[in-house]
Every structure is written in structure tokens, then in C-alpha cells.
Amino acid sequence: MPMQQRSIEFFFRGGGGGGGGAAKTKMKANPVRAASTDGGEGPVDKENGAVEQPKFKRLKKTSSSSQEEDKGEGRRRETLSLSGDARVKDEHKGGLTLSQSPQSKKPKGKKAAPAFGVGEKSIAAAALNKSFDAKGSATWKEGEPVPYSALAETFDKLSGTSKRLEKTKILTEFFRTVVSVTPEDLLPCVYLSVCQIAPSHDGIELGIGDSTIMKALSESTGKTVNALKDEMKKKGDLGDVAMSCRSAQKTMFQPKPLVARHVFQEFKTIALTEGGQSMEKKKSIIKKLLTSSKRTEATYVVRALQGKLRVGASEQTVVAALSRAILWEKDEFDKKSDETIAKCEDEADKIVKQVFSECPSFDLIIPALLASGVFELPKHCKFTVGVPIRPMLAKPTTGVHEVLEKFTDVEFTCEYKYDGERAQIHYQDGKIKIFSRNAEDNTPKYPEVSSEILPKSLRENTRNVVLDGEIVAFDRELKQILPFQRLQKRKRKDVTDEDMKKQAQVCYFAFDCLYYNDKSLLQSTLLERREALREACQEQEGMFLFATDKTSNDVEELQVFLEESIVAKTEGLIVKTVDSTYEPSQRSLNWLKLKKDYMDGVGDSLDLVVVGAWHGKGKRKGVYGNFLLAVYNDDDEVYEVISKIGTGFEEAELAEVHKDLSQHKIDAPRSYYKFKDNKNVPDVWFDAKVVWEVKVANLTLSPHYESAFGMAEAGKGISMRFPRYERTRKDRTPTSATTSTQLLEMYENQPEAGGRGNKNANDYSD
DNA sequence: TGTGGCTGCCC
DNA sequence: ATTCTGC
DNA sequence: GCAGAATGGGCAGCCACA
């Protein structure tokens with residue numbers, strides 16, 4: 001298909017060849033083309049005649065021994081093309097393979113000399129744990145409910161340090177106290193520490209967000225919602241706003257102190273409340289909780305409702321602290337030397353983390369821990385068909401060179417990275433469950449997978465199996481992968497036969513097998529699991545396919561495979577070591593992802609005008625946290641809002657950008673700004689002055705944004721998928737930013753735009 | 001009964 | 001999702 | 001390198017309200 005080839009070449013053009021002369025049609029300065037053009041001069045700016053600076057001129061060869069790369073100068077480029085002028089940057093390879101970080105080679109050290117693999121600080125910390133008086137540290141009486149204030153104080157302490165060992169210690173001591181004084185409250189305390197109310201596959205949700213919290217806060221304090229929003233701008237945290245409102249308020253009588261298990265129970269009640277007037281009921285519970293909150297309790301009640309404690313200790317730290325608390329209070333172990341203790345703690349961490357990833361349910365783990373301790377835990381909580389396991393995830397990689405560096409001297413294999421929804425499928429006794437990446441139960445969303453696709457694909461001898469793969473929207477007639485947005489449009493519950501006729505069909509691309517005929521394969525190698533996958537299942541045209549894979553460590557071959565993956569409408573590659581096990585809690589370096597837009601100098605970037613910003617929250621308090629961007633419509637001479645952006649900034653850049661943009665603050669949006677009223681209204685508007693280069697994975701059709709409005713599809717604009725800040729284009733004027741026309745062209749040239757790019761296919765030449 | 005805001009969950 | 005940062 | 005915390009678009013489903 002000519003269009004696709006063109007697109008690919010377009011994306012991966014490496015050497016020479018000016019991009020500017022390519023277009024006969026409306027094409028002018030196309031930043032995409034410019035971005036993927038190495039060296040050659042950019043197109044001429046229409047407005048002011050200035051010659052566009054070649055992008056990535058900051059590119060500098062990195063010294064082969066240098067690991068530290070300055071963001072602005074050190075980024076390396078990946079050069080790829082279809083025609084085989086693909087060259088790997090050999091100058092980097094030799095040095096960098098040698099300068100691997102020591103950690104990646106570090107052995108686990110189970111049988112090594114004492115204390116090997118356990119840091120000195122851990123040993124010192126272990127010593128302190130011996131002298132900790134769990135019972136004596138309690139602020140409440142034996143057997144009585146844990147006061148919520150004890151949690152709040154713990155969270156305060158966690159906020160007070162950024163040291164991770166310190167955080168673990170603080171949480172461990174709190175949990176030890178709970179275990180020894182009021183063990184039945186351990187479960188609610190742990191849940192309140194991770195802001196959950198149940199395992200995610202249980203599917204119960206609070207249904208509460210910032211808006212509702214603010215309404216409740218407003219009703220309980222008498223302040224208007226707008227006043228609270230103003231407070232937010234200053235404080236950058238809704239929990240802090242709640243606290244200062246509370247403490248400013250004079251209470252007539254002392255409310256009963258909050259108790260952890262009660263707060264937890266009320267959260268559950270909120271989650272179970274639904275139907276008419278449910279919001280009113282939920283709000284009244286929140287108001288009640290806030291009224292009973294003292295000091296920082298209000299902060300954490302609110303943050304828990306928001307789902308983020310923001311104390312620098314989240315799930316992993318909680319699990320680690322839980323394991324240690326149980327270890328100290330429940331397990332018998334050798335406490336003679338501090339080194340042995342540290343090793344034991346390390347071992348306990350590993351066990352509980354492993355079990356938690358195989359059985360991610362505090363409901364199951366905590367009773368088992370309390371009953372029989374850490375070392376017995378794997379006996380009681382193990383991988384079970386019907387309960388989702390944490391999926392293996394992959395890390396971003398900036399190019400083939402990095403893959404080769406990370407996987408030096410290990411065998412690896414590649415698979416297409418499909419753009420769909422991760423799906424872990426459990427099959428046993430004729431029953432099927434489908435779990436999402438985050439362990440949500442997606443079974444009702446894909447009835448045809450359960451009723452047709454899987455039954456047809458399972459081989460006769462398969463009694464039970466757990467598969468890992470990706471559900472992708474698929475056109476069975478054209479045998480073509482459809483865009484992610486088509487998958488999103490599917491119904492999620494109460495799917496009728498009528499719905500099924502209308503919405504996109506799907507194909508399951510299987511790439512792993514975690515369990516087969518009563519045997520767990522989590523500790524088997526990838527090759528063994530692939531074998532089991534093929535033993536358990538057979539492909540079904542357009543319904544069930546094995547992920548396309550290739551095993552090679554040849555640079556050229558890898559690049560060709562990557563290019564093929566884009567032609568096949570996938571996102572790129574996942575690279576996996578061949579002998580790695582499926583243990584998400586262990587080494588996560590085993591899977592890498594390789595996408596065109598991670599590669600410097602490859603993929604789409606746009607030059608966009610900053611027209612507004614919002615005040616930052618949390619660690620972005622005091623600076624702008626995110627920004628509103630626009631393209632330039634040079635026909636109508638207006639700026640059309642295309643997207644927000646909030647990632648890619650270093651801390652210093654945020655500070656600088658805050659300073660610079662504040663100079664351009666204006667009271668109201670310009671008449672020549674096009675945005676959806678009521679939507680996308682920033683805290684602050686700016687004069688169109690500043691231009692940023694923004695990297696993007698994809699362009700999407702948007703009902704919310706105005707850029708290139710109606711040009712690709714009636715009633716829709718074009719927006720961006722995964723936008724991130726690259727750098728400020730001080731050399732660019734706003735009228736030389738990406739235009740609506742260019743945006744449309746970029747949209748149409750996407751492989752996933754499906755054929756529309758054809759009209760320009762022949763325009764492209766060197 | 002229709003619409004729009006809010007929420008959670010996909011990426 | 002992507003990205004940055006302190007440990 | 002891990003773990004945590006900032007932040008993106010966009011969809012369906014639920015609920016309030018006109």
C-alpha cells in the first residue's frame with residue numbers, strides 16, 4: 001500500500017534529503033518532516049522569512065565513557081529507514097556496553113557472604129528495629145480501635161522525610177504497633193494507607209472526585225466553591241485546603257474522635273451508595289467525616305478520597321512495611337546479628353511482594369500474615385485461576401542501540417506491541433474471566449471473547465489456562481487492525497446482540513501463558529511459556545492470533561522488524577529476554593518497549609503556541625502545572641487550541657517557564673483564540689508569544705478541541721495522544737508555529753488514519 | 001426525556 | 001500513558 | 001533502577017437537573 005510505505009519512510013527518514021521541497025500541495029513548513037530531517041536546512045518561515053533552525057542541532061556525540069547526559073545536549077538519535085541506510089551509532093556502542101550500571105549485573109546474592117546485597121544503612125536500620133517498643137508506642141489502649149489520628153500522625157511523619165529507608169521505618173513501626181495492640185485494625189489501616197477500599201477486581205468505586213469533595217467542603221464550611229478553588233491555587237492541595245478550612249472553623253462541641261476502622265467503613269458505604277440522591281448521601285458522609293476531623297486528619301481524609309496520599313509512600317512501601325511489621329511481631333527469626341536481621345527483612349520483603357503480585361488482595365494476604373507470619377504466606381496465598389496476577393510491564397527504550405546495551409550477552413526476542421487493551425484471560429471449568437492491566441474485571445465488556453473467540457481457540461486437551469495478551473479492535477473482512485479509539489467506543493456493560501453488531505469486532509493477540517493444565521508457569525522461561533501457549537491454543541483467523549515475533553540480535557533485522565510493526569499498525573516492539581520468568585515483582589528490566597516516538601529525531605513533533613496555564617498541584621505548587629497549547633490557523637489568523645500539556649518539564653524548566661510566561665499574562669483570552677467555551681479554560685491566559693516543541697505519539701480526533709476543526713471530520717478537531725514538552729523554541733515566532741493545515745496533513749499521514757493519506761502519496765519524493 | 005458534568009479507567 | 005527526581 | 005508523583009486524550013456510565 002503506497003500510503004503506508006510513504007508514511008513509514010516519512011517517519012524513519014534518516015539521512016539528508018531536505019523535507020521542505022516535498023510537498024506540491026499546501027505543504028509548507030512541516031515540523032514533522034523537519035524533525036525527522038537530519039541536518040538539512042528547514043523550510044522558510046512564511047511570516048517573517050526567517051530560516052528555521054535545523055532541529056536537534058544540540059545533538060552532540062556523547063563521550064563513550066560518560067553516563068550522564070545533559071538533557072539539552074546529550075540525547076542520541078536513532079536513524080532508521082526502509083531502504084537500509086539504517087546505521088547504528090556504532091561510536092556509542094563500544095563504550096556504553098562497558099559502562100553498564102553495576103546494578104544490572106549484580107547477582108541476587110542469596111548464598112553470598114553475609115550482608116552481601118544488603119546495604120549498610122539497612123543493617124543499621126535493622127539494629128534499631130530490635131529496640132522498638134511496639135506496644136509502648138501506641139497512643140491508644142490495648143484492644144481498642146486505632147484512632148485515625150494515629151494514621152494521620154504517621155502520614156505527617158512520612159511527609160517529613162524524603163528518605164525511603166526512613167519512610168519504611170516509620171510505616172513499619174506504625175504497623176507493628178497496630179499488630180501488637182489492635183491486630184484486627186491492620187486491614188483497614190493498610191487499606192487507608194494505600195487509598196483502596198477493596199481489591200480492584202472487586203469493582204467497587206468511591207465515585208467521588210475533586211468536584212464532589214469541594215461541594216461537600218463548601219457545604220460544611222459555608223465557603224463558596226469558587227473561594228475554595230482560589231485556595232487551591234495557593235495551596236496546591238485539596239487536603240490542605242480542607243484542613244485549613246476546618247481549623248479556621250470554630251466548633252461548638254467536640255465531635256467524637258475519628259477511628260480508622262470507621263473511616264474505612266464509611267468509605268465503603270460511600271462506594272456502595274448508588275442511584276438517585278446518591279451524591280447527596282455521599283456528600284453527607286464526607287461532611288460528617290470532615291466535621292469529626294482534627295488537625296491533619298482532614299488532610300488525609302480528603303486525600304484518601306482523592307485516591308492519593310502524596311506522602312511519598314505508596315503501595316510498594318506499604319507492602320514492605322507490612323512484611324516487616326509481621327516479621328517483627330509474628331515471625332520467629334534469628335535476631336543475633338544485625339546483618340542477619342537485615343537479610344531477613346530483605347527476604348521478607350521479597351516474599352510478600354512476590355505473593356502480593358501473584359495474589360493482589362489485602363483481604364486474603366493480611367489475615368494469612370496475621371495468622372501465620374511471612375514465611376508461611378506463600379503456602380496460603382498463591383496464584384489462583386480466577387484471581388488476576390499483576391501483569392509484566394515494559395520500560396521505554398530510546399532506540400535499538402539502547403536495547404542492545406541493556407541486553408548485551410543475553411538472548412532476547414521481539415514482539416509487536418499492539419495498540420489495544422491488555423487482557424489477562426483466565427479459563428477453568430468452562431468459565432472465563434477477562435482482567436485488565438489494572439486487574440479490573442473486563443469480562444462483561446467482551447462477551448464474544450468468552451462465548452466464541454476463546455472456545456474456538458482452546459485446544460481439546462486444555463483443561464485450564466491463563467493467557468496474557470492484547471485485545472485489539474479488528475476488521476475481520478479487511479483483516480486489519482483498527483485504531484485504539486474504535487476499541488474505546490465499545491460498550492462496557494449490558495452489551496446486547498444489537499450492540500455487538502454495531503461496535504468494532506476484536507481480535508485477541510496472545511503473547512504469554514501463565515498457567516496451563518494445573519501448572520503455574522510463572523517461574524518458567526519465556527520460551528517455555530510460549531511453547532505452552534501454542535500447546536494450549538490455536539490461532540483463529542481474525543479472532544485469536546499469536547503476537548508476531550522475531551528473534552534476532554542483528555541490528556538491521558531489528559530495524560526492519562520495527563518498521564514492519566509500524567506498517568502493521570502496531571505501536572512498535574516489545575523486547576523480552578528469552579529466559580526471563582513471569583514475575584512482575586522481580587526484575588522489571590526484562591521487558592523493554594521500543595516505539596518510534598521514543599527515539600530522538602524520529603516521530604512526530606509539533607511547534608505549538610502556549611496560550612494558557614493552570615496552577616500546579618503538589619510538588620508543582622507555586623508554578624504552573626500544565627499548559628494550554630494552540631496551533632496557528634494562517635487562513636483565519638487565529639490560534640486554535642489543540643491540547644493541554646503537563647509532562648516533560650524538568651523542575652528548573654518549570655520555574656523558568658513560570659517566570660517567562662508570567663510576563664505575557666493577559667486578563668482575558670484574545671478574540672482570535674478559538675477554544676470550547678466552558679471547557680479548556682485555563683487559570684491564566686497568555687499572549688501568543690512562546691512556542692514549544694512538543695513530542696507526540698499520535699494525533700486523535702477530538703470532540704473537545706478546536707484545532708483543524710471540521711477538517712478531518714465534521715464537528716471534530718484534532719488533538720494529541722501522549723503529548724510531552726521537548727524544548728522551548730526561542731527561535732520561533734507564534735505565527736510560524738505548526739498550522740492547522742499542517743496538522744491536518746499530519747493526521748492524514750498517520751498509518752492508523754487508514755487510507756486517507758493516499759491522496760498525497762505521490763507527492764513525496766527525495 | 002435529553003444534556004452536560006463528573007468519575008473511573010483505558011491508553 | 002510519559003516524564004522527572006531523590007534515594 | 002526503583003518508587004513515587006506530577007501530568008496528557010478520550011471513552012462509557014452514572015447522576016443531577018432543566
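Numbered from 1 within each chain, the chains take letters A, B, ... in sequence-line order. Note that these values count all heavy atoms, side chains included, but never hydrogens, waters or copies made by symmetry.
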message: Under 4.0 Å, counting only non-hydrogen atoms across every strand here, what does A/Val311 touch: a base, just sugar-phosphate, or nothing?
response: sugar-phosphate
5′-ward residue of the pair A/Lys679/A/Glu571 relative to DNA chain B: A/Lys679
Please list, one pair per line, the donor and acceptor atoms closer than 3.5 Å that link side chains of residues 492-506 of chain A to other protein atoms, with sequence neighbours excluded.
residue	atom	partner	partner atom	Å
A/Thr496	OG1	A/Glu498	N	3.4
A/Thr496	OG1	A/Asp499	N	3.0
A/Thr496	OG1	A/Asp499	OD2	3.0
A/Asp499	OD2	A/Thr496	N	2.8
A/Gln503	OE1	A/Lys491	N	2.9

query: Of the candidate nucleotides C/dC4, D/dG10, C/dT2, which contains the atom at the shortest distance from the side chain of A/Ser702?
result: D/dG10
- prompt: Where is the tightest heavy-atom contact between A/Thr172 and A/Arg324, given as atom of each residue plus distance?
  reply: CG2-CB, 3.6 Å
Selection from C/dT2, D/dA3, D/dA6 that lies nearest to any side-chain heavy atom of A/Arg164: D/dA3
query: A/Lys619 side chain N/O closer than 4.0 Å to the phosphate oxygens (OP1, OP2) of D/dA6?
result: no
task: Check salt bridge (Lys or Arg N to Asp or Glu O under 4.0 Å) between A/Lys676 and all other residues, then give those that pass, not counting sequence neighbours.
output: A/Glu706
Atom pair distance, as rounded to whole Å: NZ in A/Lys167 and C1' in D/dA3: 11 Å
- prompt: Quick one: A/Gln316 CD to C/dC7 C1', roughly how many Å, whole number?
  reply: 15 Å
- prompt: In terms of the nearest nucleotide of DNA chain D, which residue is placed more toward the 5' end: A/Val318 or A/Ile645?
  reply: A/Val318
- prompt: For the pair made of CD in A/Gln586 and P in D/dA3, what is the distance, rounded to whole Å?
  reply: 11 Å
- request: Between C/dT5, D/dG10, D/dT7, spot the one nearest the side chain of A/Arg620, thanks.
  value: D/dT7
task: Mind checking A/Lys308 for me? I need base, sugar-phosphate or nothing, with any heavy atom below 4.0 Å counting as a touch.
output: base
- request: Between A/Ala313 and A/Phe484, just flag the one whose closest nucleotide in DNA chain D comes earlier from the 5' side.
  value: A/Ala313
query: Considering all heavy atoms of both residues, which atom of A/Phe484 and which atom of A/Gly420 are nearest to each other, and what is their separation?
result: CE1-O, 3.6 Å
- request: Validate the cation-pi geometry between A/Lys644 and A/Trp614: distance from NZ or CZ to the six-membered ring centre under 6.0 Å, angle to the ring axis within 45°.
  value: yes
- request: Give A/Lys621 one of three labels, base, sugar-phosphate or nothing, depending on what nucleic acid heavy atoms sit under 4.0 Å from its own.
  value: nothing
For chain A, the stretch of DNA chain B it reaches, first to last nucleotide, under 4.0 Å of its heavy atoms: B/dG5 to B/dC11
query: Using a cut-off of less than 4.0 Å, is there contact between a side-chain N or O of A/Tyr725 and OP1 or OP2 of C/dT3?
result: no
query: For D/dG9, does either OP1 or OP2 sit under 4.0 Å from a side-chain N or O belonging to A/Asn698?
result: no
task: Kindly indicate whether a cation-pi arrangement holds for A/Arg724 with A/Phe649, taking the cut-offs as under 6.0 Å to the six-membered ring centre and within 45° of the axis.
output: no
query: Under 3.5 Å, side chain of A/Glu640 to main-chain N/O of A/Ser740, donor-acceptor pair present?
result: no
task: Check whether any side-chain nitrogen or oxygen of A/Thr317 sits under 4.0 Å from OP1 or OP2 of D/dA3, and answer yes or no.
output: no
- request: Look at the side chain of A/Thr647 against the base of C/dT2 and say whether a donor-acceptor pair falls under 3.5 Å; ignore hydrogens and angles.
  value: yes
message: Can you see if the side chain of A/Arg724 gets near the phosphate of C/dT3 - specifically, an N or O under 4.0 Å from OP1 or OP2?
response: yes
field: Rounded distance (Å) that lies between atom P of D/dG8 and atom CH2 of A/Trp614
entry: 8 Å
task: Starting at atom CD of A/Glu651, determine the distance to atom P of D/dA5, rounded to an integer number of angstrom.
output: 14 Å
- prompt: By salt bridge (Lys or Arg N to Asp or Glu O under 4.0 Å), which residues pair with A/Lys215, not counting sequence neighbours?
  reply: none
statement: 5'-most contact on DNA chain B (nearest-nucleotide basis), A/Lys215 vs A/Gly203, goes to A/Lys215
query: Quick one: is D/dC2 close enough that its OP1 or OP2 comes under 4.0 Å of any side-chain N or O from A/Lys395?
result: yes
query: Should A/Thr700 be listed as having a side-chain N or O under 4.0 Å from OP1 or OP2 of D/dG10?
result: yes
- request: Calculate the interatomic distance between A/Leu654 atom CG and C/dT3 atom C1'; express it in whole Å.
  value: 11 Å
- request: Scan nucleotides 12-18 of chain D nucleotide by nucleotide, 5' to 3', and note B when protein non-hydrogen atoms come under 4.0 Å of the base, S if they reach only the sugar-phosphate, - if neither.
  value: BSSSS--
message: Without decimals, in angstroms, what is the distance between A/Glu693 CD and C/dT2 C1'?
response: 16 Å
message: Under 4.0 Å, heavy atoms only, any strand: does A/Pro396 hit a base, just the sugar-phosphate, or nothing?
response: nothing
- prompt: Ring centres of A/Phe356 and A/Phe362 under 6.0 Å apart?
  reply: yes
query: Got A/Tyr705 and A/Ile718 here, is their nearest side-chain heavy-atom distance under 4.5 Å?
result: no
message: So that I know where these two stand, are A/Tyr598 and A/Phe722 an aromatic pair - ring centroids less than 6.0 Å apart?
response: no
message: At 4.0 Å (heavy atoms only), tell me whether A/Lys353 reaches a base, stays on the sugar-phosphate, or touches nothing.
response: sugar-phosphate
When the side chains of residues 200-213 of chain A are checked against the rest of the protein, which donor-acceptor pairs come out under 3.5 Å, sequence neighbours left out?
residue	atom	partner	partner atom	Å
A/Ser200	OG	A/Asn438	O	3.1
A/Asp210	OD1	A/Gln306	NE2	2.9

field: OP1 or OP2 of D/dG8 under 4.0 Å from side-chain N/O of A/Lys695
entry: no
message: Nearest whole Å is fine: how far is D/dG9 C1' from A/Gln750 CD?
response: 13 Å
- request: Describe the nucleic acid contact of A/Leu487 in one word from base, sugar-phosphate, nothing, applying a heavy-atom distance below 4.0 Å.
  value: nothing
